[in-house]
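The structure appears below as structure tokens.
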Amino acid sequence: MTREIRLILPDRSERTVPAGTTAREVAQQIGPRLAKAAIAARVDGEVRDLSRPLVADAPLEILTEESPDALWVLRHSGAHVLATAVRQLFPQAQIGFGPPIDDGFYYDFDVGRPFTPEDLPRIEERMREVVKADFPFVRDEVDREEARRRFKDDPLKLERLEELGDDDVISVYTDGPFVDLCRGPHVPSTGRLKHFKLLHAAGAYWRGDSRRQMLQRIYGTAYFTKDALEADLRRREEAEKRDHRTLGRQLDLFSIQEDVGPGLILWHPKGAVIQFQLRRLIEDEVLKRGYDLVYTPHVTREQLFRRSGHLPWYEHNQYPAMAAAAGEAEEVRYRVKPMNCPLHILVYASRQRSYRDLPLRLAEVANVYRNELSGTLHGLLRVRGLTMDDAHIFCREDQIEDEIFGMLDLTDFILGKVFGLQYRLDLATRPEKKLGSDEQWAAAEQALSRALERRGLTYGLDVGGGAFYGPKIDVKVRDAIGREWQGTTLQLDYELPERFQLEYTGTDNRPHRPVMMHRAIFGTIERFVGLLIEHFAGAFPLWLSPEQVRVLPIAEGQVEAARRLHERLRAAGIRSVLDDRNDTLNYRIRDAELMKAPYMAVVGQREVEQGTVAVRVRGAGKKQDIVPVAEFIERLRAAIASRALEP
RNA sequence: GCCACCGUAGCUCAGUGGUAGAGCUCUCGAUUCGUAAUCGAGCGGUCGUCGGUUCAAAUCCGACCGGUGGCUCCA
């Protein structure tokens with residue numbers, strides 16, 4: 001007689017079935033509609049195949065298309081269908097890993113000939129045949145010998161197999177002709193994969209290790225409904241339209257030119273306005289918050305970076321040394337700085353410090369240069385010449401919490417209040433290899449989390465993710481279309497004060513070692529401007545907009561009056577552009593809209609006579625607003641002063 | 001740095017071995033216009049660079065430079 005087991009369903013009801021019943025059978029008992037919609041099951045918290053027998057008492061949830069976990073299962077199966085198709089078209093292809101990822105899935109192959117873009121439609125077509133065949137996903141648990149036999153022609157799978165411990169269950173999934181070493185779970189059959197698309201092929205190191213061979217990775221995505229797939233493809237298109245490199249050219253913000261070098265930005269006048277506003281914003285704000293500004297050189301003796309420990313540790317990221325300056329010994333070398341900390345430390349160490357000086361907050365919006373690998377460069381987001389809104393805070397251990405609190409407040413002011421951005425925080429804690437005692441780390445981590453909690457912030461934990469010299473808080477910014485950007489970091493540092501033997505005199509008249517913190521709110525101005533371009537899709541808020549008003553005379557008769565208005569606006573500190581070109585009004589309005597000018601001030605005969613201006617707001621169509629010139633100027637000034645986000 | 005793909009006018013792109021093209025931008029002329037493209041003309045390219053194959057190369061091959069998508073790295 002079979003044993004009975006008790007299952008607890010999400011509605012808290014209980015169901016007793018014979019041990020060995022599958023989740024699919026339970027779903028059928030509950031209702032045929034549920035059985036049909038079922039993708040997988042959550043048994044005792046673990047997502048499993050519907051076909052797996054239930055052997056013990058457990059909470060059971062049948063997962064349908066509604067469940068986010070089911071989407072991961074679908075995508076995982078999508079990766080297998082991809083591999084099934086690739087193996088048919090490229091029988092010699094060896095298989096690596098094929099997991100679901102945030103927005104889709106991929107599969108890695110070791111194939112004699114790399115995939116070309118033309119291969120993707122072929123593979124996709126073959127995938128549709130695999131889907132049509134509706135192969136069931138069959139799970140087998142096998143012993144090691146059996147697994148070795150099945151994957152004898154797949155060295156990558158064998159490598160993975162040998163890493164599995166003796167207690168690990170070795171499971172193998174088969175769909176039609178394709179067999180994979182895989183933990184699962186999967187959808188019931190390949191026919192469930194209805195809405196998918198292959199996106200691109202790329203190289204990827206086996207196991208993410210740059211010393212291992214390069215595999216060919218194919219990325220794709222899948223959804224349960226056609227609408228969801230199409231919405232995703234539209235999102236990708238939208239992201240492409242917002243691409244800061246395209247908008248940067250269209251709006252004439254910046255360029256990167258071969259004659260200058262990769263990763264080095266030429267800021268054109270319009271882009272420079274944005275950078276200037278950001279610098280002003282952060283410098284003004286920082287001064288209000290008790291920081292001091294400093295300026296330090298771009299080039300220093302190499303010796304400084306030896307002392308700081310950056311050489312040779314960071315050398316691969318630094319530009320090579322320059323010869324000695326005139327009159328110096330030959331062996332003296334100079335370096336362009338990749339970071340500012342050693343220089344700010346020298347400012348600190350330039351005289352004796354008292355506990356009364358602390359916290360000392362030194363800020364500098366500074367250019368630094370890093371010799372980044374060529375393949376990592378990307379528009380404004382990854383550059384070699386970068387502008388950091390850097391600051392270093394020197395304080396006592398008991399001041400850490402307040403300082404972190406202050407930084408979080410500044411971060412929230414800039415990102416949240418000024419730019420209306422949402423963001424997420426992660427606290428990265430002590431790694432295996434670390435400098436300093438456990439007590440010191442514990443105190444520091446507690447100070448960080450207390451500061452976070454005092455601000456009422458929720459945050460994630462990145463256990464072991466801190467640098468060896470101290471814990472940190474990473475800030476990830478979310479943009480208008482939901483993408484996350486690494487920007488702000490707040491980093492504690494016990495290493496550099498040690499290396500530079502920094503001291504302050506305490507109330508006890510004895511020397512003490514200060515703690516140091518690094519922080520950049522924007523991260524780099526380059527990346528932040530890139531983020532802003534994509535976040536606002538080039539339509540910057542008035543205060544940030546390179547061009548704030550475009551003055552448009554309707555016909556030649558109003559050019560003089562329009563010029564006077566333009567000059568009046570300029571005199572009021574407003575960035576006005578006069579467009580008196582010999583083109584139709586329609587043409588010039590279109591141009592102003594495309595260049596994302598927030599306001600258009602149209603001047604016709606009526607406006608000249610009445611001392612008014614016809615105001616058109618960017619993106620608002622032909623709805624116009626006739627206002628007296630003085631009132632228009634006042635409105636603009638108020639909106640600029642308040643850094644209003646609209647328009 | 002690694003893998004793949006790409007590089008034609010300022011921009012977007014067409015041109016698969018036989019004398020370099022279009023639209024937009026720009027300049028000039030006409031038009032003087034009431035809220036997203038007026039008409040016409042003109043300027044503009046040793047087809048990324050160097051080398052090779054060929055009677056002949058934008059086109060085929062190689063190297064290099066630059067870009068794109070990823071990997072590694074990372075602000």
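In the text below, chain A, chain B and the rest are named by the order of the sequence lines, each starting its count at 1.
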| said: Return the pairing partner of B/C13 with a 3.5 Å limit on both distances, Watson-Crick or G-U wobble; otherwise return none. | reply: B/G21
| side-chain N/O A/Thr376 vs B/C74 OP1/OP2, d < 4.0 Å | no
| So does A/Tyr599 get a side-chain nitrogen or oxygen closer than 4.0 Å to the phosphate oxygens (OP1/OP2) of B/U35? | no
| note | A/Glu560 CD to B/U32 C1', in whole Å, measures 16 Å
| query | Any Lys/Arg nitrogen of A/Glu547 or A/Lys596 sitting under 4.0 Å from an Asp/Glu carboxylate oxygen of the other? | reply | no
| said: Using the side-chain heavy atoms of A/Ala202, tell me which of these nucleotides is nearest: B/C65, B/G34, B/G69. | reply: B/G69
| message | Nearest whole Å is fine: how far is B/A4 P from A/Asp110 CG? | response | 13 Å
| Hey, do the aromatic rings of A/Phe419 and A/Phe528 have their centres closer than 6.0 Å? | yes
| query | Could you state the CG-P distance from A/Asn586 to B/U38, rounded to the nearest angstrom? | reply | 7 Å
| field | Pair A/Phe115 and A/Phe90, ring centroids less than 6.0 Å apart | value | yes
| Sub-6.0 Å ring centroid separation between A/Phe105 and A/Tyr107 | no
| task | Using atom CD1 of A/Ile218 as one end and atom P of B/A4 as the other, report the distance to the nearest whole Å. | result | 14 Å
| Which base sits across from B/C28 as a Watson-Crick or G-U pair, both distances under 3.5 Å? | B/G40
| query | Does A/Arg289 count as lying over the ring of A/Phe413, i.e. NZ or CZ under 6.0 Å from the six-ring centre, within 45 degrees of the axis? | reply | yes
| task | Describe the nucleic acid contact of A/Tyr219 in one word from base, sugar-phosphate, nothing, applying a heavy-atom distance below 4.0 Å. | result | sugar-phosphate
| query | With distance as the sole criterion, do the side chain of A/Tyr205 and the base of B/G70 form a donor-acceptor contact below 3.5 Å? | reply | no
| field | Spacing of A/Lys623 atom NZ relative to B/G34 atom C1', expressed in whole Å | value | 18 Å
| task | State whether A/Asp243 and A/Lys241 are salt-bridged, where the test is any N-O pair (Lys NZ or Arg NE/NH1/NH2 against Asp/Glu carboxylate O) under 4.0 Å. | result | no
| task | Tell which nucleotide pairs with B/A4, taking only Watson-Crick or G-U wobble pairs whose two distances are both under 3.5 angstrom. | result | B/U68
| said: Nearest to the A/Arg217 side chain among B/U35, B/C71, B/A75, which nucleotide is it? | reply: B/C71
| Any A/Arg581 side-chain N or O less than 4.0 Å from OP1/OP2 of B/U27 | no
| field | side-chain N/O A/Arg211 vs B/U72 OP1/OP2, d < 4.0 Å | value | no
| field | Side-chain donor/acceptor contact of A/Glu607 with base of B/G34 under 3.5 Å | value | yes
| remark: With the side chain defined as heavy atoms from C-beta on, A/Arg527 is closest, among B/A36, B/C71, B/C74, to B/C74
| query | Starting at the 5' end of RNA chain B, which residue's closest nucleotide do you reach first, A/Ala204 or A/Glu372? | reply | A/Ala204
| message | Rounded to whole Å, how long is the line connecting atom CG of A/Asp583 with atom P of B/U35? | response | 16 Å
| query | To the nearest Å, how far apart are A/His378 NE2 and B/U72 P? | reply | 17 Å
| So does A/Arg245 get a side-chain nitrogen or oxygen closer than 4.0 Å to the phosphate oxygens (OP1/OP2) of B/G67? | no
| task | By nearest nucleotide on RNA chain B, pick out whichever of A/Asn317 and A/Leu373 is the more 5' one. | result | A/Leu373
| Looking at A/Ser210, does any N or O in its side chain come under 4.0 Å of the phosphate oxygens OP1/OP2 on B/C2? | no
